[in-house]
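First the proteins, then the strands, lettered A, B, ... as listed; each starts at 1. Basis for what follows: all heavy atoms, side chains included, without hydrogens, waters or symmetry-related copies.
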Amino acid sequence: MIITILSAIALLILAFAYTVTLEGIARKIEARIHRRCGPPFWQNFIDIFKSLTKHSISHGFIFDFGVLMALGGTIATVLFIPAGNLVVFPGLDNVFVIIYLLAIGLLGMAMSAVGSGNPNASIGIGRALTQMLGYELPFMIVLLGVFFHFRTSSLSELAVLQNSGGTYNVLIMPIGAVVGFVSLMGMLGKKPFDTFIAPAEIASGPLVEYSGKYLGLLMTQHAFGTFIEIGLFVNLFLGGGKTIWEFLLKFFLVYFLAVIISSIMPRFRVEQAVKFYWKWPLILSFIQVVIVVFIMGRRV
Amino acid sequence: MNPVWLIAVPLALAFISTFANKISNWLLILSAIFNAVAGIFLSFSSGTVSYSIGGWRPPFGIDLIVTDATRILLPVANILFFFAVIIHFSKKRASEKFSVVYTISLASLNGILLTNDLFNLFVFLEIAGVAAYLLAMTGKKGESKVAAFKYLLLGSVGSLLYLLGVAVLYAAAGTLNISAIATKVSDGLLNGDVMLVSSLLMIAGLGVESKLVPFNGWVPGVFTKSSNMATLVLASVYPVAMISTFSRVILAVGDRRALDLVIVLGVATVLIGEVIAFKQRNLRSTLAYSSIAQSGLAIFLVGIGTVEALTASVMLIINNALAKFVLFSVDSYTTEELGADDLESLYGLGRMAPVVGLIFTVSALSISGMPLFFGFRAKLLAISSSFESLLVVPIVILLAAVIEITYYFRWIFALYRPYQGEERARLSLPLELMAIGVVLAAILVFLGSSSYETLMTFSKAGNAMVDAIITLGKNLIGGV
Amino acid sequence: MNNEQTAWERVANMLRARSLWMLYYCTGCGAIELPPTMTARFDMERFGIGPMATPRQADILLVTGYLSTKTLRRVIYSYEQMQAPKYIVGFGSCTINGGIYYDSYATINRLDLYVPVDLYLAGCMPRPEAIVNGFKNLMDKIDQGEATGWKDYEANYEWYRKNQIDALGEVYIHDEFHE
Amino acid sequence: MSILTLLVASLLAAPILYLLAKFNTKIAYGAYAALQVFSFIYVFFTGRSNVSYEVIGITERLNFNFGITPTNWFFASIVLLIISMSAIFMFPLKKSPVKIFLLALVSAGTLGAVFSQDFLTLMIFWEISTWASLILIIQDKEKSPREAIKYVTIASIGTYSMLFAIFYMLDKLGSIDFSTVATRIESATVEVQLVILISLGVMVLAKMGVFPLHIWLRGSHSSAPDEFSPILSGALTKIGAFLLFTITAALPSFRIFSQLPVFNGIPMVNYTFALLGGISIVVGTVMAIRMEDAKELIAFSTVSNSGYIVMALSIGGTYATAGGLMHVLNHAMASAAMFMAIAAVAYRTGTTKMHEMGGLILKMPVTFATYLVAIISVAGIPPTSGFVSKWLIYQQLVQNGLPFLAFAAFFGSIGSFMYVFKPLAGIFLGQLKPQHRNLKEVPLVMVVPMAILTLLTVFWGMLPSNAIKTINAVTASVGINAVEVTFSRIVALTGEWDSILVTTVFAIGFFISLFIFMRAKKARQVDLMDNYTAGDFLYTSELYHFSYRMYRPFDRLFEKWPSMEDWLSSLSDKIKELGALLKAIFYPANPQLYIGLAMVAIIGTFWWLR
């Protein structure tokens, strides 16, 4: 019990510190690609804490409640992500639970944003939900193949099985891993799939009315969300890690790749994004899962 | 009581009324009352009884036959006729010209239901036919004359074909008594090809009056163009006699092979009738095509020929007669009151005149075979017995039933839809129509929700349809 | 001006100085100087300064160019939608003295009569170097707790309000077509 | 007292209530609600343990067979729960004697159907409730007759298909009892088995509103009286699930079709049904996303969720069967709660068009909470019961390796976020319309049933083991393995999860964020109209409420798809054209043509038969 609580606290702090640092590094990387100098890597910490010190406005009960629900749901989800050998709830970290628990955060965010009464927020949420229907489908279908193959949907067990089997899933199911990565880009809201934020067009969409601490909380939520999404990918396809350091390294590599790709991309319109996801990633995911189910079979 | 009175009394009264034109209406009513009472009286006994006419023993002379089937169908036909007469004459604008025709048609219909002789049947068919042609031309417009003329043409051809069939059969069997021929047929004494030819000719001949495709071209014209009273009689009373006689004759003296044809034609009639009825936007023509479909339904069961099938057939005939009576009288009432009977002009009728709405709904639901109504029991039995045949038969029947339900519900909903047109005067429902409609609707509901024992009567009728004539024939031949 | 700060405020001000999100109100031609300031040549982001989409999120209101009575109304509205601590940067000489259109009936000549301006960037237009320099000055001011325009606005709201009404007039019919 | 007494009482209640309502509608509605609540309590508490059978003879071969088995009890409790809640809920709404008569008839028919032990009893009582509901649908609204015609057609397709199946069974197997048929069907030939199960399946598809027979749902559900929609969607479609469970689980469809081609452990027939379920998930989801009327939207969500139930029960197996039954439970509650919430809103605002409302959250907080929990359940998010069923269904999909069905399941699940959020945003969130400024929450009598359904949804979400244990008893009675559960954990093939843990962790996360939120500076409350407008001034709230065509980009993707909505009307046009053709052939204008036709027929048949 005590160990669970301690590891939960450790995981939360790790997730926050590491992801926010990486976000800062990402800004730096992006700046370097633009041939700029870029902000210091701790810039995102400053941004978050500054936001928390500012004054803010609220648009009523649901505006507050939704933000709390978003952050609460996301924090809850983080606790189910195994980080190397730091596993808070071994065996109970079912991927379906993680994906649906993450949806609480999304729903809270959506409610709060629309509760602000700003149409830009509604448009942004509409786009975000539409895009979600795009990227989740191929991802979930690939997951079906993974679970079928390994006979488990527990994230930590999947990582252990990959490590003990000697090969990572990215080698066993390369097509699936590619699809998973493309879906991950959508989940992270990285370009070209960031149409729901679109600052110049719909004034940053869902975030349009958030000020001060609300913005700070949502930035924290975003950091946790990033940790969950990349953590899922690392554990599913790259075997998690035997130690926490291995996990963090893989995490960094995946995030780095995503940032590099996103910084040279233009932006899809939302229906283009959905069409894209329903074309190549979906076809590839079906190919992958058919290979897994009908040719490879279950892992012995 | 000797059933010959059911024929003789109306015939005699008709004869009198040709001389006493003034009282012909009263004579019609008198004969209708007499026949209704006598019909009911007849139904109290049971079993198959043969009555010889003129003292000649049956295989040689003409005889009338009363079976368990007749005991149901005869009262139904006579009572409905009586109701039709009441509805008609209560309006006080009855034309006296046609009273004789009605009286004669009553006599001939009873004759058709009762006779056990093929040639005698032909005579009654001719009389009924001539009466029907005259009734068909009673419509207000000239179109009804055209329709009646078509009916005349088809009817005469049908009668001739029937007569030809009878002649062929007579040449082969040497007798005209249905029971006697039936015995010979069942003993295999007749040549197969001769039988087939005569059966085909008789199917075609009787098919005209029984509204079997493709011999029923007259139906839509006559039913839509003729006067209300004539349509009521032609659509509810005539089918009872015609379809039951069709099945009686074909089952008794028909070739087994011809029964396949009956199934095919019956099912085709159902499908064609329902599909065309679905298209109609006018209540009376919908009902006309629905009548065609219903007779097809009753007739294809004859082709199956089991007791269950014939029971279903009798039930369908009665269900159709009762329900169509109500539906056609509601239709004639609306055409008179509202001037039209298309879908839009019926809007709101059910709210304006609740009783009309109620009896219409009950009858329509019964015809389309909803649970709780008589039609459901009939259709249930029909479908279950149709499994004797190919699997495609019940499927087609069910498909047709779906179409039927859809268009009947269109009409029911139309009745209850809010009406947006100009203000209409409050409709006053004639008392007798209300009473008769409610009684008939109540009977439909009662029979639909009654226990199995009540429906045993129909089972007896179905049994009689299959067995009675041939049993009688065996006795007769044995007697010879 | 009272310059004493609690420790908490000092930390907060330090953070605020290093993370400045700006809302640029492109009223005039001055905005053309911002892209070079943000992109590779001068790279504003290294100071933690970045553009934000809405006044709710922003710390700095950048009024880039001359103001007419019509735009001033919107500047004030946007400023009031921003959350404290908030700073206004008047960009170019138009915000100081009306610029080349100073004698037009519709031009607002002095921005700080209506909203508290924490920093003016002089020039027509100021070069990116000047902008960066100005922002550095603003950061220093914030760090030391001297950029207190938002407090002034709260304290002297009556005065600002009167000036605003004098320039813009009272609006009696509140709908989309009159304000 | 027995089930039979209850049934007779509810049937007799219909005319009595009608007469009572002529006298005083309030007493009649109160009596109706009391009767329904009593039946629910009676069935729920007495039927759980005992198994009993009752028979009334109607013919020598056919009987009305009633019985309480775990299956009957399970479905009856769900259906009666929904009906009794709606019965309380409808009290303040528009009353009429006809409506109460029909409602009582619907309830009686439903009661008879869920306690039936043979197909004919099931069908007859089902038909009673169907036809009563049909007339009930056309009571209130203008457009309803046109929509009800679709219902009639589809329902009669189902009815006659089932009638066909019943007589076919009687003919080939000699019985229509569930239990006797289950034993005899195994020795029948494949054709017989196929005909029986497919024609019963058509009934299921028609009544549950599953592709391709789903077209009636939109019109009927949306044009039904507001108080009746919860019953229609929550209770009546669930009888279809009862029949489906009977034919897939009680009749051993898996064993008897195992000689046919089998895909991933699922026989072809079941796979086809599952596929139809999958298609209706997708169709229902896409159409629901595109609707602008809240009731039409929920109607399509019913299509989608019926698809889930059909898919799960057709796949069979331990997890999908349990998941399907669980989904019956939580979709009944969720859809009833959603329809109730919309009815409550419509009761106050008089409209169900989403873009005509907005910002009602503070005006109608309980209604909002009801709707919120219901949609969380529909979307399958953890602390509600909706997640449990979806999780179980996914387990089976993974176990059998069914990517195409899984595609549909995932599509429906993720797509449901989109459609359930639309009414939430359109009705409850966003800008308040000026004409709704003085709205109040609905009366207590409407609030209570909504609250009960909400609490039950959350309860079974936090403690699914409670429901799963009951479902295990149901599945055990038909010989399917039980899902392994402990107090808080559910264990399945690919892992386990702990509902209490998930709830606790979520609560902890929530309190962490609440702590940060409280520590930071208190926010200033501003009006909804004080909003970022790019500097423009705003006074008309309608202009700032974005809910009409919220998913326009998504809409555009599906604009050119063929509309199943037009299928029926085009079919009816086809039938009419065929009618015109047949009329031209068989009823020409000239009498000589008839006679020619008749002659051709006679000669032709002579050669055929000879």
Side-chain angles (χ1 to χ4, degrees), chain A residues 52 55-62 68-69 71-73 75-76 79 89 91-92 94 96-97 100-101 103-104 107 110-111 114-119 122-123 126-127 129-130 132-133 136-137 140-141 144 147-148 151-154 203 208-209 212-213 217 269-271 274-275 286 289-290 293, chain D residues 264 359 361-362 376 379-382 387 391 394 397-398 401 403 406-407 410-411 414-415 417-418 421 424-425 429-431 493-498 501-502 505-506 508-514 516-517 520-521 523-526 528-529 531-532 534 544-547 550-551 553-554 556-557:
Chain A
L52 288 175
H55 294 223
S56 48
I57 54 117
S58 160
H59 277 295
F61 169 73
I62 199 68
L68 297 182
M69 192 167 145
L71 184 55
I75 287 176
L79 295 179
F89 303 114
L92 291 172
N94 199 295
F96 289 120
V97 176
Y100 278 94
L101 208 50
I104 295 184
L107 185 69
M111 270 194 332
V114 175
S116 71
N118 197 308
S122 303
I123 294 172
R127 290 179 181 185
L129 291 173
T130 310
M132 189 167 98
L133 190 52
E136 288 276 8
L137 272 181
M140 296 284 267
I141 286 167
L144 180 90
F147 302 153
F148 181 83
R151 291 189 210 188
T152 178
S153 54
S154 159
V208 60
E209 277 297 303
K213 64 177 173 182
L217 289 173
R269 275 207 322 262
V270 65
E271 70 259 41
V274 172
K275 254 187 199 163
F286 271 122
V289 81
V290 164
V293 172
Chain D
N264 298 50
I361 168 168
L362 290 178
I376 291 180
I381 293 175
F387 177 67
W391 191 75
Y394 292 163
L397 291 171
V398 170
F407 168 77
F410 296 145
F411 191 98
I414 303 157
F417 281 104
M418 285 176 78
F421 190 70
L424 189 81
L429 304 178
Q431 300 287 349
L493 171 88
T494 70
E496 53 185 312
W497 71 286
D498 189 327
L501 176 74
V502 169
V505 167
F506 173 64
I508 290 171
F510 189 84
F511 283 113
I512 293 175
S513 23
L514 188 64
I516 303 173
F517 186 82
K521 275 201 181 61
R524 184 166 57 89
Q525 287 286 331
V526 298
L528 277 177
M529 296 294 283
N531 233 316
Y532 169 65
Y544 242 52
H545 187 51
F546 177 80
S547 79
M550 187 166 172
Y551 299 115
F554 183 83
R556 238 178 270 140
L557 285 177

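Considering only heavy-atom pairs separated by less than 4.5 Å from chain D, the leading option among A:L68, A:I75, A:V293 is A:L68. Options A:I123, A:V289, A:V290 differ in how many heavy-atom pairs under 4.5 Å they form with chain D, and the most are formed by A:I123. The candidate from D:A379, D:S547, D:G380 with the greatest count of non-hydrogen atom pairs under 4.5 Å with chain A is D:G380.
Side chain of A:K213 to backbone of D:F517: a donor-acceptor contact under 3.5 angstrom is found.
Checked options D:V526, D:N531, D:L528; the residue passing with A:E209 is D:N531 (criterion: side chain to side chain contact (heavy atoms under 4.5 Å, CB included)).
With a 4.5 Å cut-off on non-hydrogen atoms, A:V97 touches chain D through its backbone and its side chain both. In this structure, the portion of A:L217 lying under 4.5 Å from any heavy atom of chain D is its side chain and not its backbone. Both the backbone and the side chain of A:I57 come within contact range of chain D, with heavy atoms under 4.5 Å apart.
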Could you go step by step and tell me if D:Y394 and A:L144 meet the side-chain contact (heavy atoms from CB on, under 4.5 Å) rule?
CA-CA 9 Å; D:Y394 292 163; A:L144 180 90; over 6 Å; no

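Between D:E496 and A:N94, every side-chain heavy-atom pair lies at or beyond the 4.5 Å cut-off. In this structure the side chain of A:L129 reaches within 4.5 angstrom of the side chain of D:Y551, judged on heavy atoms.
Atom NZ of A:K275 sits in a sparse spot, with 12 or fewer heavy atoms from other residues, nucleotides or ligands closer than 6.0 Å.
Between the NE2 atom of A:H59 and the CG atom of D:L429 there is a distance of 13.0 Å, given to the nearest 0.5 Å. From D:F417, atom CZ reaches atom CD of A:E136 across 8.0 Å, with rounding to the nearest 0.5 Å. Atom CD of A:E271 sits about 11.5 Å away from atom CZ of D:F554, to the nearest 0.5 Å. Once rounded to the nearest 0.5 Å, the distance linking CZ of D:F506 with CG of A:L101 reads 8.0 Å.
Note: D:F407 and A:F286 meet the aromatic proximity criterion, with ring centroids under 6.0 Å apart.
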